J.: 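Structure below; questions to follow.
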Amino acid sequence: MAAAGVLCGIVAGVLVVLYRLGIQYGLVFAHWMYGQMHRHWWLLIPWAVAVVAVGLLNAWMVKREPMASGSGIPQTSGVVINGLSMKWQTILPVRFVGGLLGGLFGLSLGREGPSIQIGACGAQFVSHRLATKHRNDLQEHVMVTAGAAAGLSAAFSAPLSGMMFALEGVHRSFSPVILIGATAASLTADFVSKTALGLTPVLDFIHMPQLSLAHYWWMIPLGIVAGLLGSLTNRALLGFQTLYGYVPARWRCVIALVLALPIGLWLPEVLGGGSKLIELSELAQTSAMMLLVLLIVKLLFTCTSFGSGMPGGIFMPILAVGALGGGLCGVLARDLGGISGQTVPLFAVCVMAGTLASAVKTPITSILLTVEMTGTLVHMLPVAATAFIGLLVSDLLKTKPIYGALLERYLKQQGLEERAHSAVGSGVMDFPVEMGSAADGHKVRDIAWPSGCLIVRLRRGDHEMVPRGDTELRAGDYLVVLFSGEDEQSVRAAMLQLCQGPQ
């Protein structure tokens, strides 16, 4: 599995590096194009023709390959958790072409979500090349998870965050086998990315002084702001996606591209994923009013770009919205609360991590990502406090994880809610028994296992055994389940209900 993870990391790293370079040069062209249009208004004519052509082309590609629309993270999670089928042969070209075209017009879409799916597709390619006569469903799912980890690692040059997000946000399981594959792939992809693009992370924060203990109470209001921002972002993204549902599918991308015009002409800082806005938020050289305007425009522009179904992610835009909110809090605290201006970058980082944690419900990934970007552990406590307070606020507001909600919508739109998607006659899956779950503390014979499956092995620590009827399951055990391909969907759902702890 470790060797397979290395192969996945190499393939995913190369693919994501090419994707990053394409988006990067596309955004440079977008800034140049809107600058030229600002001086020469006659360029609106060829621009309008290009908008219609690109919008219709994207609509056609997304219709032919729906799994390549939007972020890519919900679809990847659906492959691993719900057993959706994924065709890397068609997803990769749509991702590359659609992402590049969106970047050429400066749409507010991130490259991190697509990078995760691109990494997963690369891993699926490796899995098919390594497959024996009988395809192993568990092995492919583990390798797809490893590829997703490699994708985020190469996109951010943050291997720990890539590994953790694959476990926390995609697979939602901490199986040792998955951990080995994800770690090997993530580290390998990071090496490939840094070899090609340099050692500097995508978000390289300036030096930030350590926050004094007397100012730690600021983490409470910052966490509340982060939770509110994350919840607002979730609802806005889903709401605009619903609004686009009333527009004919072929014109949705055209509308998103048209709405990019005023942004590119008068507020070009908002174009693209948002890395420039994050840098702006930490410098503490912008007024509170300007930060508020940028925050509102960035949020709305992200909603109009993503809701159209254009291939592109929301990971970076969510980080940008959070950083702007934190920068705004820092500037207000500096001007009204007597806080040193040197703490503004720390406020931006804390709210950024909290907003991501509250929107995606991945607090550990949010904390690790911040640690890797700042390059120091001294800020982990305030960042972690803000992230978990933001998570608590979003839970109190009953905010669903954004990628889970998007996956539910995708399944409903494609009519896949009740269908079995396994391409094999039979296969195996593993499930961790979580603390407080229905299976925790009960004997095997006392549990109502779903029909169509058989518990064939139990892993407890370093030991493996074949469970008997009187074997008592404990939190931390891993159950290896043999299933029939036609029952995969129902078996997976029933096993998750038995093995998952209270949510």
Side-chain angles (χ1 to χ4, degrees), residues 15 18-72 75 87 89-111 113-115 117-118 121 240-241 243-268 270-274 297 300-314 316-317 410 413:
L15 291 174
L18 294 175
Y19 187 74
R20 278 182 60 176
L21 290 173
I23 299 297
Q24 177 181 328
Y25 289 121
L27 186 58
V28 171
F29 172 81
H31 281 279
W32 175 85
M33 176 185 69
Y34 288 117
Q36 294 297 314
M37 291 173 61
H38 201 280
R39 292 187 290 270
H40 308 288
W41 288 94
W42 61 268
L43 291 175
L44 282 172
I45 298 175
W47 174 86
V49 175
V51 162
V52 175
V54 170
L56 293 178
L57 174 61
N58 269 286
W60 176 79
M61 289 191 302
V62 168
K63 182 179 180 180
R64 294 293 300 270
E65 183 49 82
M67 285 203 76
S69 64
S71 169
Q75 295 91 320
K87 300 178 181 178
Q89 301 93 330
T90 54
I91 292 176
L92 285 178
V94 173
R95 275 291 172 198
F96 272 85
V97 175
L100 179 59
L101 292 176
L104 289 174
F105 286 86
L107 293 182
S108 182
L109 297 171
R111 58 175 176 259
S115 295
Q117 190 179 30
I118 288 172
C121 287
F240 272 81
Q241 192 180 61
L243 289 176
Y244 268 108
Y246 296 103
V247 179
R250 68 171 61 183
W251 299 112
R252 295 172 190 171
C253 297
V254 175
I255 293 175
L257 295 170
V258 170
L259 293 175
L261 177 62
I263 304 296
L265 292 178
W266 292 294
L267 213 59
V270 182
L271 295 174
V297 174
L300 293 176
F301 187 35
T302 300
C303 293
T304 59
S305 299
F306 181 76
S308 66
M310 286 282 294
I314 51 175
M316 179 67 83
Y410 175 80
Q413 291 170 356

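Please read all numbers here as calculations on a predicted model, not as lab measurements. Here, residue 1 is the first one in the sequence, and each next residue gets the next number.
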J.: Kindly compute the distance separating CG (L21) from CD (Q24), expressed to the nearest 0.5 Å.
T.: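 Interatomic distance, L21 CG to Q24 CD, rounded to 0.5 Å: 6.0 Å.
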
J.: Holding to side chain to side chain donor-acceptor pair (under 3.5 Å), I want the full list of residues that pass it with T302, two or more places apart in sequence or in another chain.
T.: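 With neighbours one apart ignored, the set is S108.
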
J.: Taking all atoms of both residues into account, what is the closest heavy-atom pair of A30 and G103, and its distance?
T.: CB-O, 3.6 Å

J.: With a 4.5 Å heavy-atom cut-off, do M67 and K87 have their side chains touching?
T.: no

J.: Quick one: does any side-chain atom of Q75 pair with a main-chain N or O of G72 as donor and acceptor, under 3.5 Å?
T.: yes

J.: Rounded at 0.5 Å granularity, tell me how far CZ in R111 sits from CG in L27.
T.: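 CG of L27 is found 9.0 Å from CZ of R111.
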
J.: Which is it for L271 and H31 under the side chain to side chain contact (heavy atoms under 4.5 Å, CB included) test, yes or no, and what are the steps along the way?
T.: CA-CA 8 Å; L271 295 174; H31 281 279; 4.0 Å; yes

J.: Atom CZ in F301, atom CG in L107: separation rounded to 0.5 Å?
T.: 5.5 Å

J.: Do you know which two heavy atoms are closest between P114 and G313, and how far apart they sit?
T.: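 The answer is CD-N, 3.5 Å.
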
J.: Less than 3.5 Å apart, which donor and acceptor atoms pair up between the side chains of residues 246-268 and the rest of the protein, not counting sequence neighbours?
T.:
| residue | atom | partner | partner atom | Å |
| --- | --- | --- | --- | --- |
| R252 | NE | Y244 | O | 3.0 |
| R252 | NE | V247 | O | 2.9 |
| R252 | NH2 | V247 | O | 3.2 |

J.: Could you state the interatomic distance from CE (M310) to CG (L109), rounded to the nearest 0.5 Å?
T.: 6.5 Å

J.: Would you mind reporting whether F96 and P311 have side-chain heavy atoms less than 4.5 Å apart?
T.: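 No, every pair of side-chain atoms sits at 4.5 Å or beyond.
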
J.: Any donor-acceptor pair under 3.5 Å linking the side chain of R20 with the backbone of L15?
T.: no

J.: Mind checking whether L100 and Y25 have side chains closer than 4.5 Å, heavy atoms only?
T.: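 No - every pair of side-chain heavy atoms lies 4.5 Å or more apart.
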
J.: If every non-hydrogen atom of Y410 is compared with every non-hydrogen atom of P66, which pair is closest and at what distance?
T.: CE1-O, 3.8 Å

J.: What's the spacing between L101 CG and I23 CD1 if we round to 0.5 Å?
T.: 9.0 Å

J.: First locate atom CZ of R95, then atom OG of S69, and finally report the distance between them rounded to the nearest 0.5 Å.
T.: 7.0 Å

J.: Report yes if some heavy atom in the side chain of V28 is under 4.5 Å from a heavy atom in the side chain of W32; otherwise report no.
T.: no

J.: Surrounding CH2 of W41 (heavy atoms of other residues, nucleotides or ligands, distance under 6.0 Å), is the total greater than 12?
T.: yes

J.: Which heavy atom in Y34 sits nearest to a heavy atom in F105, and how many Å separate them?
T.: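 Smallest interatomic distance, heavy atoms only, reads OH-O, 2.9 Å.
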
J.: Go through the steps for T304 and L300 under the test side chain to side chain contact (heavy atoms under 4.5 Å, CB included), then give the verdict.
T.: CA-CA 6 Å; T304 59; L300 293 176; 5.5 Å; no

